[in-house]
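Read through the structure below, which is laid out as structure tokens, and then see the notes.
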Protein chains: 2
Amino acid sequence: MLNTQVTSKQPHSVPTIKDVAKAAGCSTATVSRALATPEKVSDATRKRVNQAIAQVGYSPNIAARNLRRAESKTIVALLPDISNPFFSEIISGMEDVAHQAGYQILIGDCEHDPARAEAYFRLLSTNQADGIVLLTSEIPRALVKQADKQADFPLVMACEFFSDIDLPLIAIDNHQASCQAIDYLVSLGHQRIATLSGPAHNPICQERNRGYRDTLAAHQLSSEARIAEGNFGFRSGYQQGLALLEGKTPRPTAIFCHSDEMAVGVLKAARQLGISVPDQLSVVGFDNIGLSEYCDPELTTISQPRNEIGQQAMQLLLHLLRGEQPIRHQTLSSHLIVRKSTGRLKG
Amino acid sequence: MLNTQVTSKQPHSVPTIKDVAKAAGCSTATVSRALATPEKVSDATRKRVNQAIAQVGYSPNIAARNLRRAESKTIVALLPDISNPFFSEIISGMEDVAHQAGYQILIGDCEHDPARAEAYFRLLSTNQADGIVLLTSEIPRALVKQADKQADFPLVMACEFFSDIDLPLIAIDNHQASCQAIDYLVSLGHQRIATLSGPAHNPICQERNRGYRDTLAAHQLSSEARIAEGNFGFRSGYQQGLALLEGKTPRPTAIFCHSDEMAVGVLKAARQLGISVPDQLSVVGFDNIGLSEYCDPELTTISQPRNEIGQQAMQLLLHLLRGEQPIRHQTLSSHLIVRKSTGRLKG
DNA sequence: AATTTGAATGTAAACATTTACATTTTAGCG
DNA sequence: CGCTAAAATGTAAATGTTTACATTCAAATT
């Protein structure tokens, strides 16, 4: 028989596990078990408890649970800049598997501010977060080094990495992706191929630039290597695009950009200078964001499996949290999507 | 004198407030006060406590604090889709003032899934969140109605709203913004002006469409009204753009779009049909996202003060949380940015 | 010197869970 | 029927804070 009297003293207080216990005629321990480990509770009791829960409208107080269990079921996704649409689908992939496993995602936007990154790292020591997926290398190395020293600091990287700190990582092979892009441009007959890189200190850019140089060398074009530096954004693409295209040195006939936004900036620069793409200039982007199908001309670009990267990164982190010894590195495959911004030279 | 012995039994356990108290030679209550209300503690003690904190490396356990204070210092920002760059700067503005006040932001991506929205609302009743900033009207109305009934449910809306539920709101005047855009197009000599609206059931779109119709009427152009419906994304802009431009009915000479992405989609459609913008077709966007300066032609669009919207929304929410009776509505001003996608008809 | 005041501090309860351990109940078996 | 083992449940401690209330102490007032 269910106790149908609501017996809490303050009429409008939030029901606790005690109220459920009273209504179900059992102890709080049993209620707790009915929720956490239903198989340890008899069928009859479990049914009574569930009815009681519905009856009093109970939902567990998470702060109390977190305190007692010393966990937060929260994962921090640390990224340099939310406004970059590149990240949104990665986050989406992370959320899928995180929610599945009962975890929440806290998006940490560092905005290139070391203090913010530090604040987010601190969440781990205060039990406000259980792990971190690091999507940027633009944070104080000291933080990461310290974390790496701790035996099992649940930290994984995705897309980006550090050249000198070996952390669990989910990413594409940036060197190879770059080689593929340059190879393709060479196959179209281009000889003066420039790269519009992201920040020079960024390891993924270094990888891509290495691929660039290696491929040029493989085709005896090393003397033509030319790397400009941007910051992944539209504006830097435009500015560096202008610089590359209007210099006195012989103008490049192709530009490989480390992001789609920069590529679109280059398109604008070319337009302004009356250089037609792809007839007089080929442009390759990176990431295959939504925009790349809708700019003019549609962008040839390298596609990363963003959703899968997010999923796998979260998977990897969950393994770490369970104390399992997982694969530390996973390389996913990128591929070149040929659209309309590349071609053989004409006129 | 500070007690320099570390006296905790488990050598690697996280230091608690007790450890600090022991090291500072006072009670835990005093330590707590030294942190929360320093003015209630003598200078000497405060100094000792601070030294002790540094010495043992203490940082408070937030779960315990949340439990005791029955708060989480977390605000949920509920939005329909993270991948829309329109939201990122709003979030950014929210974060600025939230962090200032010691709050965190949890980004809740609903992905148009009612269950997700519900889950985020539930965070409030379980003390996992203290308030919600609602940036979408695409969630179950029942949720909102119920929230609205509760005396002081800390919920504010930004940008979007419900026509039949009166919640605290920070937004621009969508009707007026729309009038301004249409007026401008009329002033350029356009008569057949179409609108590419967002979802028809969306109140902000309804406002904009009302402005559209009112302005046409003011110019005796009502018979020319034509509204297509998209979903704010590139693809729908492209598809609806094609539909509007290649129909048998006389083709519109201007299209007012409810988002920049749709406007860029329309640009692509026009390009494909050989319609030149702005000579044969004018296009106006909405939101002034980064892209709008880099597409071809650069987009004439309506700019919303996104950062300020975020700041004010959070400000408003903080007022509610403090139990103050704040202004319930705040209208911020938008403005038309004229670029290259609009002009008088030529040829 | 006795009394009052206010500031500074301490004591211990409260927050809502989980879980180790103890106890009771049930089932199985000879 | 008695005994044992296993299953189900209960008791109470523990998690790390905050804070109401009590106490102490020093300064100010009479």
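Here the structure is a predicted model, which means the values were calculated and not measured. Letters A, B, ... are given to chains in the order of the sequence lines, protein chains preceding strands, and every chain is numbered from 1.
In this entry the distance linking CG of N127(A) with C1' of dT15(D) reads 11 Å, nearest Å. As a whole-Å value, the separation of N66(B) CG from dT17(C) P is 14 Å. What separates CG of N61(B) from C1' of dC15(C) is a distance of 13 Å, to the nearest Å. At whole-Å resolution of the value, NZ in K22(A) and C1' in dT17(C) are 16 Å apart. Atom CD1 in I62(A) sits roughly 16 Å away from atom C1' in dT15(D) (whole-Å rounding). A straight line from CG of L67(B) to P of dG16(D) spans 12 Å, rounded to a whole angstrom. Rounded to an integer number of Å, the gap from OH of Y58(B) to P of dG16(D) is 10 Å. Note: CD (E71(B)) to P (dA16(C)) measures 14 Å, nearest angstrom.
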Give the C-alpha distance, both sets of side-chain angles, the deciding distance and a yes or no for side chain to side chain donor-acceptor pair (under 3.5 Å) between E308(B) and Q312(B).
CA-CA 6 Å; E308(B) 201 187 341; Q312(B) 300 240 16; 3.2 Å; yes

Applying side chain to side chain contact (heavy atoms under 4.5 Å, CB included) to V144(A) and F162(A), what does each step give before you reach the verdict?
CA-CA 9 Å; V144(A) 185; F162(A) 296 100; 3.8 Å; yes

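You'll find that the side chain of R69(B) is closest to dT19(D), out of dT19(D), dG16(D), dA16(C).
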How does protein contact run along nucleotides 6-13 of chain D, one letter per nucleotide 5' to 3', with B for base contact, S for sugar-phosphate only, - for none, heavy atoms under 4.0 Å?
--SBBB-B

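A salt bridge links R116(A) and D96(B); the closest N-O separation between the charged side-chain nitrogens and carboxylate oxygens is under 4.0 Å. Ion pairing of R46(B) with D43(B) is present here, as a side-chain N (NZ or NE/NH1/NH2) and a carboxylate O approach within less than 4.0 Å.
Inspection of the T126(B) and Q128(B) side chains reveals an N or O donor paired with an N or O acceptor under 3.5 Å. A donor and an acceptor atom, one from each side chain of E160(B) and N202(B), are located under 3.5 Å apart.
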Pairs under 3.5 angstrom only: tabulate donor-acceptor contacts from the side chains of residues 73-91 of chain B to other protein residues two or more places apart or in another chain.
residue, atom, partner, partner atom, Å
T74(B), OG1, S72(B), O, 3.1
D81(B), OD1, S83(B), N, 3.1
D81(B), OD1, S83(B), OG, 2.8
D81(B), OD2, S83(B), OG, 3.2
N84(B), OD1, F86(B), N, 2.9
S88(B), OG, P85(B), O, 2.7

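Annotation for I170(B) and L332(B): closest pair CG2-CD1, 3.9 Å, computed over non-hydrogen atoms. The shortest non-hydrogen separation linking V133(A) to M314(A) is CG2-CE, 4.2 Å.
Taking 4.0 angstrom as the limit, S32(B) places a side-chain polar atom (N or O) nearer than this to OP1 or OP2 of dT18(D).
Taking the C1' atoms of five terminal pairs at each end of the helix from dA1(C)-dT30(D) to dG30(C)-dC1(D), the two resulting helix axes are inclined by 50°, rounded to 10°.
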